[in-house]
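The structure appears right after this line, and notes come after that.
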Amino acid sequence: MFPAEFDYERAESVSEGLDLLEQHADADVEILAGGHSLVPAMKTEGREPDVVVDLDVPALDAVNALDDRTVVGALTTYATVADSPAVRATVPLVAETASEVGDLQIRNRGTVGGNLAEAHPGADLPAAALASDATILLRNPDGKREVPVTDFFRGDGETAVERGELLTGVRFPHTDDAGVAYAKKTHPATGYAMVGVAAVVEMSGDGDDGTGGDGDEGTVSSARVAATGAVDRALRLPSVEDALAGEPLDPESIDAAAAEARADIDADRLRSDSYASGEFRGELLETYAARALERAAERVAGDAPTA
Ligand SMILES: Cc1cc2nc3c(=O)[nH]c(=O)nc-3n(C[C@H](O)[C@H](O)[C@H](O)COP(=O)(O)OP(=O)(O)OC[C@H]3O[C@@H](n4cnc5c(N)ncnc54)[C@H](O)[C@@H]3O)c2cc1C
């Protein structure tokens, strides 16, 4: 299959990219990052941009770990993120999720920025970004714009990125001692998440219950739980988060919280296709919420390695 004809432009800096977007302001323009969504869509799904701007900006292929946050450039591949010692140490959920994307070829070419800008309903990184409380970094001709990830995803393929803007990176706050995990039911044909759940759970407790035993393992002081694959966009699951607050992270509280996973989603919003009905995706949502929380609990207890 061949794509329809298009004009090819190449940008070697963010400002060149913005200039090209401005020059072609009246055209249908796509950014070429890893190309692993765009190229198949142009070949087989009828996406026919007038212009493709190939973003070839080395500065956007970078991981920058600071004191309390790590910034990942838009052109950083999943493979780089998954293998980055800095990402693994500071935001292990992001490394773990990146390692779960597609297959080796996809991970070697697909980029963090492309994944978030494409906003596929079954993409993995949106769940990790939401559970991490990330901030999306954008550039436009007027300067910089930051969008909290909770305001970023608007629907299948729809985001807060405006015409003439480029996504330049993502800022992830460090998760320090939180228990984190991503649990995914992989689509058998594509590798996308039929349903995936990411969790970041912080505990309070001083580790000493005064009995001389294993100590006070504490209660949940904050939980962020986010799902992908279930509906047309990734979203947080506030009912699960609320159910965990103030509870110990034990099997009973995990089951009770996971049972709330469908509470914030109208049943008719659940995605349904030839692989899974909406009802089945709802079941997967509860199951994978429990799995993510169980793994996060093991990590809080220090029983399971993170990515
Ligand atoms: C067989 C297959 C299996 C896959 N499995 C998975 C999976 O398991 N999990 C998963 O999450 N994904 C999966 N994907 C999707 C893959 O991760 C893509 O790489 C990703 O969706 C897009 O990233 P990209 O860098 O390839 O972007 P591209 O394909 O180059 O671009 C995608 C879109 O984002 C826009 N864009 C890209 N970069 C920017 C930017 N910096 N600023 C503004 N707009 C931008 C483009 O205009 C385009 O519309 C799969 C894809 C294939 C083909």
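Sequence positions, counted from 1, serve as the residue numbers for this chain.
- In this structure, Arg47 places its CZ atom where more than 12 heavy-atom neighbours from other residues, nucleotides or ligands lie under 6.0 Å away.
- When the side chains of ILVMFWY residues are joined at heavy-atom separations under 4.5 Å, either directly or via intervening members, Val200 and Val149 end up in two distinct hydrophobic clusters.
- Residues Tyr192 and Ile106 are not in side-chain contact: their nearest non-hydrogen atoms beyond the backbone lie 4.5 Å or more apart.
- Summarising the geometry of His36 relative to Pro40, their closest heavy-atom pair is O-CG, 3.3 Å, with the distance given to 0.1 Å.
- Within the 4.5 Å cutoff, the side chain of Leu237 has no heavy atoms near those of the Glu260 side chain.
- Looking at Asp242 and Ser239, their side chains never bring a donor and an acceptor atom within 3.5 Å of each other.
- For the pair Ile136 and Asp151, the minimum side-chain heavy-atom distance is 4.5 Å or more.
- Checked for salt-bridge contact, Arg107 and Asp83 miss the test: no charged N lies under 4.0 Å from a carboxylate O.
- Under a hydrophobic-cluster definition in which Ile, Leu, Val, Met, Phe, Trp and Tyr are linked whenever side-chain heavy atoms come within less than 4.5 Å, directly or via other members, Leu60 and Ile31 are assigned to the same cluster.
- Val147 is not listed as a side-chain neighbour of Glu165, based on a closest heavy-atom distance of 4.5 Å or more.
- Shown here is Asp250, whose CG atom has more than 12 heavy atoms of other residues, nucleotides or ligands within 6.0 Å.
- Of the possible polar contacts, one joining the His187 side chain to the Ala189 backbone as a donor-acceptor pair under 3.5 Å is found.
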Between Arg269 and Asp232, is the side chain to side chain contact (heavy atoms under 4.5 Å, CB included) condition met? List the steps. CA-CA 8 Å; Arg269 275 188 77 196; Asp232 66 342; 3.6 Å; yes

Leu93 vs Thr175, side chain to side chain contact (heavy atoms under 4.5 Å, CB included): CA-CA, chis, key distance, verdict: CA-CA 9 Å; Leu93 172 65; Thr175 44; 5.8 Å; no

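- The shortest non-hydrogen separation linking Glu96 to Tyr182 is OE2-N, 2.8 Å.
- Put simply, Val57 and Leu166 are part of the same group of oily side chains (I, L, V, M, F, W, Y) that touch within less than 4.5 Å, one to the next.
- At most 12 non-hydrogen atoms from other residues, nucleotides or ligands lie less than 6.0 angstrom from CG of Asp26.
- Residues Thr159 and Leu116 are not in side-chain contact: their nearest non-hydrogen atoms beyond the backbone lie 4.5 Å or more apart.
- Separation of atoms NE2 (His24) and CD (Glu9) is listed at 3.5 Å; rounding is to 0.5 Å.
- The two residues Pro49 and Glu30 have their closest heavy-atom pair at CB-CG, 3.6 Å.
- When the side chains of ILVMFWY residues are joined at heavy-atom separations under 4.5 Å, either directly or via intervening members, Leu244 and Val300 end up in a single hydrophobic cluster.
- Under a 3.5 Å cut-off, the side chain of Asp50 and the backbone N or O of Asp28 do form a donor-acceptor pair.
- Rounding to the nearest 0.5 Å places CZ of Arg10 at 11.0 Å from CG of Leu32.
- A distance-only check finds no donor-acceptor pair linking the side chain of Asp266 to the backbone of Asp268 [under 3.5 Å].
- A 4.5 Å side-chain heavy-atom check between Glu279 and Glu283 finds at least one atom pair inside the cut-off.
- Using a distance-only test at 3.5 Å, with no hydrogens or angles considered, no donor-acceptor pair links the side chain of Arg224 to the main chain of Ala199.
- Between the side chain of Lys185 and the backbone N or O of Leu284 there is no donor-acceptor pair closer than 3.5 Å.
- Rounding to the nearest 0.5 angstrom, the gap separating the OG1 atom in Thr135 from the CZ atom in Phe172 is 9.5 Å.
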Side chain to side chain contact (heavy atoms under 4.5 Å, CB included) between Val240 and Leu293, worked out: CA-CA 10 Å; Val240 176; Leu293 292 170; 4.1 Å; yes

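- Closest heavy-atom contact between His174 and Val91: CA-CG1, 4.1 Å.
- To the nearest 0.5 angstrom, Arg291 atom CZ is 6.5 Å from Thr287 atom OG1.
- Put simply, the side chain of Ser204 never gets that close to the backbone of Gly218: no donor and acceptor are under 3.5 Å apart.
- Residues Val81 and Leu125 are not in side-chain contact: their nearest non-hydrogen atoms beyond the backbone lie 4.5 Å or more apart.
- Between Thr168 and Leu138, the closest heavy-atom pair is OG1-N, 4.1 Å.
- Heavy atoms of other residues, nucleotides or ligands lying less than 6.0 angstrom from CZ of Phe6 number more than 12.
- Looking at Thr219 and Glu247, their side chains never come closer than 4.5 Å, going by heavy atoms from C-beta outward.
- Transitive grouping of hydrophobic side chains (ILVMFWY, heavy atoms separated by less than 4.5 Å) keeps Val71 and Leu75 in distinct clusters.
- Side-chain contact annotation: Tyr78 with Asp124, donor-acceptor N/O pair under 3.5 Å absent.
- Contact detail for Thr228 and Ala193: the closest heavy-atom pair is CG2-CB, 3.8 Å.
- The backbone N or O of Glu202 sits nowhere less than 3.5 Å from a side-chain atom of Ser222 that would complete a donor-acceptor pair.
- Rounding to the nearest 0.5 Å places CG of Leu285 at 12.5 Å from CE of Met194.
- No side-chain donor-acceptor contact under 3.5 Å links Arg271 to the backbone of Arg281.
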